[in-house]
Protein chains: 2
Amino acid sequence: MTHSEENYIKAIYHLSGGGMHSVPTNAIASQMETQPSSVTDMIKKLSDKEYVLYKKYRGVHLSEKGINTALAIIRKHRLWEVFLAEKLDFNWDEVHDVAEQLEHIKSEKLIDKLDEFLGFPKYDPHGDPIPGKNGELAQRSLKLLSAMRPDEEGICVGVKDSSVSFLKFLDKHNIALGDHIKILDVEEFDESLNIQIESKQLHISKRIATNLFIKPKLV
Amino acid sequence: MTHSEENYIKAIYHLSGGGMHSVPTNAIASQMETQPSSVTDMIKKLSDKEYVLYKKYRGVHLSEKGINTALAIIRKHRLWEVFLAEKLDFNWDEVHDVAEQLEHIKSEKLIDKLDEFLGFPKYDPHGDPIPGKNGELAQRSLKLLSAMRPDEEGICVGVKDSSVSFLKFLDKHNIALGDHIKILDVEEFDESLNIQIESKQLHISKRIATNLFIKPKLV
DNA sequence: ATTAATTTTTAGATTTGTCTAAATATCATA
DNA sequence: TATGATATTTAGACAAATCTAAAAATTAAT
Ligand SMILES: [Mn+2]
Ligand SMILES: [Mn+2]
Ligand SMILES: [Mn+2]
Ligand SMILES: [Mn+2]
């Protein structure tokens, strides 16, 4: 597999909800910032190699082989993100770009030893689950903060948007994964929320709340 | 710089004795296992970009810029080798191939943080010096084991040949970097050596002795 | 059910890095 | 110094990954 093929497989995986549904050519093109014609070319190659099922004009669907390949790449990506954050003190908004390069290094031994070195982490610095050696994905029951009602409580365990700007925003307001969050009240006017996070109170917009994953406290 | 350009620069650096002398096209071709015509093509590109000085039929010479680029790649290569050996328990015969991939990752912050994480090592697992951030190379006065005379002593600090087969041979005979070595005597017939290494005695061929670097004991 | 808008594919070109075969320059040797 | 051997470059081709422009299929709107 070339770097380019791997990047396409990964993009299709994300766009298809983990291989659940099929993905239109243009969606891949805009995700990857290439031309639709380039996508068509690559899809044909991936189809020949049986990573995807492809019917002209009907979009593309990941095969079992394609899903497993995607999971292997995502496993590498997220383990490297953990390494960068935990061992090299990278901030969580800095890890992604470097991991985009590191995910293409080919060595099974390397990634398994890295996994061990990191203590077999289950989640990356953004709270996304790390696929296991055989593609197993940890499942958690989590909610978006925006879906919670007053008096509900939980732990902040992940971000939906992991753009640099959002992550920096969270840093600025001292919101971090692992923080305890309680909804105080929700403004009817704009659905903004007053929350208690750890010891301090905070007012946040709906936009923010739709991008934070919470593991609700079991009552 | 592309991966391929980086690999050429590195090969030229090694073949030219660190940029000291010029390198013939065919030497590069055989080192890189490509055709001489491919080398000519690449040399032209590197010359346009001013990494090398090139006169048709006269071989190629690294520029200052080329030397610095080579040192930066070698720094990355050797730091990754240390990481693999020290942190992930790779054997010293396994680190090179993976480092060949890792050396192309582009992130200054990554390599500086890695350097710090490793405790600013000065030598890689084969005893080769690791260039500093600004290209400084540690210099040691060392000798080949084959150049030593009976009763001379020293510490084994590096290998000249770092092929997998040689490294495995050393493992098998319990020869490791850091070992104390004393020459007992040299056979006149084939220049093989009887040595004392740490506590045990060993008979080794001239071929072996020409591939071990020793830091002589100051008398 | 036509027609118009959108999406997708095809055709043909470009760049990068490689190759083979042929031409040319340099080197070694008589 | 002429000649043959060796080293190097040129010419032309190819595969991979991309692009633009044009054609074709699908979808949406009248
Ligand atoms: Mn990421
Ligand atoms: Mn992540
Ligand atoms: Mn190496
Ligand atoms: Mn080394």
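Quick caveat, the model's predicted, so the values are computed rather than measured. Here is how names work: the chains are called A, B, and so on, in the same order as the sequence lines, proteins then strands, and each is numbered from 1.
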Peer 1: Provide, to the nearest angstrom, the distance between the CG atom belonging to Leu46(B) and the P atom belonging to dT9(D).
Peer 2: 13 Å
Peer 1: Report yes if the distance between the aromatic ring centroids of Tyr13(A) and Tyr51(A) is under 6.0 Å, otherwise no.
Peer 2: no
Peer 1: Counting only heavy atoms not in Lys65(B) (residues, nucleotides, ligands), do more than 12 fall under 6.0 Å from its NZ?
Peer 2: yes
Peer 1: Classify the ring geometry of Phe166(A) against Phe169(A): parallel below 30°, tilted from 30° to 60°, perpendicular beyond 60°.
Peer 2: parallel
Peer 1: Return the residues of residues 51-60 of chain A meeting this criterion: a heavy atom under 4.0 Å from some atom of DNA chain D. Order them by number, or give none.
Peer 2: Tyr57(A), Arg58(A)
Peer 1: Check the phosphate of dT10(D) against Thr40(B), side-chain N and O only, distance under 4.0 Å to OP1 or OP2. Yes or no?
Peer 2: no
Peer 1: Would you confirm whether the ring centroid of His77(A) sits within less than 6.0 angstrom of the ring centroid of His96(A)?
Peer 2: yes
Peer 1: Report the distance from atom CE of Met42(A) to atom P of dT8(C), rounded to the nearest whole Å.
Peer 2: 18 Å
Peer 1: Using whole Å, what does the distance between atom P of nucleotide dT8(C) and atom CG of Asp41(A) come to?
Peer 2: 15 Å
Peer 1: Between atom CE of Met20(B) and atom CD1 of Ile67(B), what is the distance when rounded to the nearest 0.5 Å?
Peer 2: 8.5 Å
Peer 1: Are more than 12 heavy atoms from other residues, nucleotides or ligands located less than 6.0 Å from atom NZ of Lys109(A)?
Peer 2: yes
Peer 1: How many Å lie between NZ on Lys49(B) and C1' on dT16(C), as a whole number?
Peer 2: 10 Å
Peer 1: Could you tell me the separation between the CG atom of Asn7(B) and the P atom of dT18(C), rounded to a whole number of Å?
Peer 2: 9 Å
Peer 1: Holding to side chain to side chain contact (heavy atoms under 4.5 Å, CB included), I want the full list of residues that pass it with Asn91(B), two or more places apart in sequence or in another chain.
Peer 2: Asp93(B), Glu94(B), Asp171(B)
Peer 1: Among residues 8-39 of chain B, which ones have heavy-atom contacts with DNA chain D below 4.0 Å?
Peer 2: Pro24(B), Thr25(B), Asn26(B), Pro36(B), Ser37(B)
Peer 1: Tell me, please, whether Phe120(B) has Lys133(B) positioned over its six-membered ring: NZ or CZ under 6.0 Å from the ring centre and within 45 degrees of its axis?
Peer 2: no
Peer 1: Return the value, rounded to whole Å, for the distance between atom NZ of Lys44(B) and atom C1' of dT9(D).
Peer 2: 6 Å
Peer 1: Quick one: Glu5(A) CD to dA16(D) P, roughly how many Å, whole number?
Peer 2: 9 Å
Peer 1: Identify the stems formed by DNA chain C, where each pair is Watson-Crick or G-U wobble with both distances under 3.5 angstrom and a stem is at least 3 consecutive pairs.
Peer 2: C:1-30 with D:1-30
Peer 1: Could you check whether Lys113(B) makes a cation-pi contact with Phe90(A), meaning its NZ or CZ is under 6.0 Å from the centre of the six-membered ring and within 45° of the ring axis?
Peer 2: no
Peer 1: What residues form a side-chain hydrogen bond (donor to acceptor under 3.5 Å, both in side chains) with Lys206(A), not counting sequence neighbours?
Peer 2: Glu191(A)
Peer 1: Kindly write out the residues that satisfy side-chain hydrogen bond (donor to acceptor under 3.5 Å, both in side chains) with Arg140(A), not counting sequence neighbours, or none if the list is empty.
Peer 2: Tyr123(A)
